[in-house]
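Keep in mind that what you see is a predicted model, and the values were worked out from it rather than measured.
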Amino acid sequence: MFLKAKGFIKQTLLSHDAGWYRPGEPNGGDFRGYTTISDKLLPLLKQKGFSEFDTKQVMLTNPANAFTIRIRKSNA
């Protein structure tokens, strides 16, 4: 919400790690799936006033832009 308010939503990338594995526990411990963003974060952002456009910006457009290969033009 802070980044959106400050005009940085087009530069925001999310990271996600389930972090469920615990070597000392049987079978690695209780499984925590990779659904926190879709199950918790996105509904919270919607509740806080994020539009569908904002959500697509963060979930689709920004990662696509971040991983696009571009040729930089020289300033020389």
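Contact detail for Gly49 and Lys4: the closest heavy-atom pair is O-NZ, 3.8 Å. Of all the heavy atoms in Pro43 and Ser38, the pair that sits closest is CD-O, 3.4 Å.
Considering CZ of Phe50 and CD1 of Ile9, their distance stands at 4.5 Å, rounded to 0.5 Å. From Thr55, atom OG1 reaches atom CG of Leu41 across 8.5 Å, with rounding to the nearest 0.5 Å. One finds the CZ atom of Phe8 at 7.5 Å from the CG atom of Leu3 (value rounded to the nearest 0.5 Å). The distance from the NZ atom of Lys56 to the OG1 atom of Thr61 is 8.5 Å, given to the nearest 0.5 Å.
Between Lys46 and Leu42 there is no side-chain heavy-atom pair separated by less than 4.5 Å.
Side-chain atoms of Ser51 come within 3.5 Å of backbone atoms of Asp54 as a donor-acceptor pair (strictly under, hydrogens ignored). A distance-only check finds a donor-acceptor pair linking the side chain of Asn62 to the backbone of Thr12 [under 3.5 Å].
Under the 4.5 Å side-chain heavy-atom criterion for Ile, Leu, Val, Met, Phe, Trp and Tyr, Val58 and Ile37 are members of the same hydrophobic cluster. Leu14 and Met1 fall within a single hydrophobic cluster, where Ile, Leu, Val, Met, Phe, Trp and Tyr side chains are chained together by heavy-atom contacts under 4.5 Å.
Between Asn65 and Thr68, the side chains place no donor N or O within less than 3.5 Å of an acceptor N or O (distance only, hydrogens not considered).
Remark: Glu52 CD is loosely packed, at most 12 non-hydrogen atoms of other residues, nucleotides or ligands lying under 6.0 Å away.
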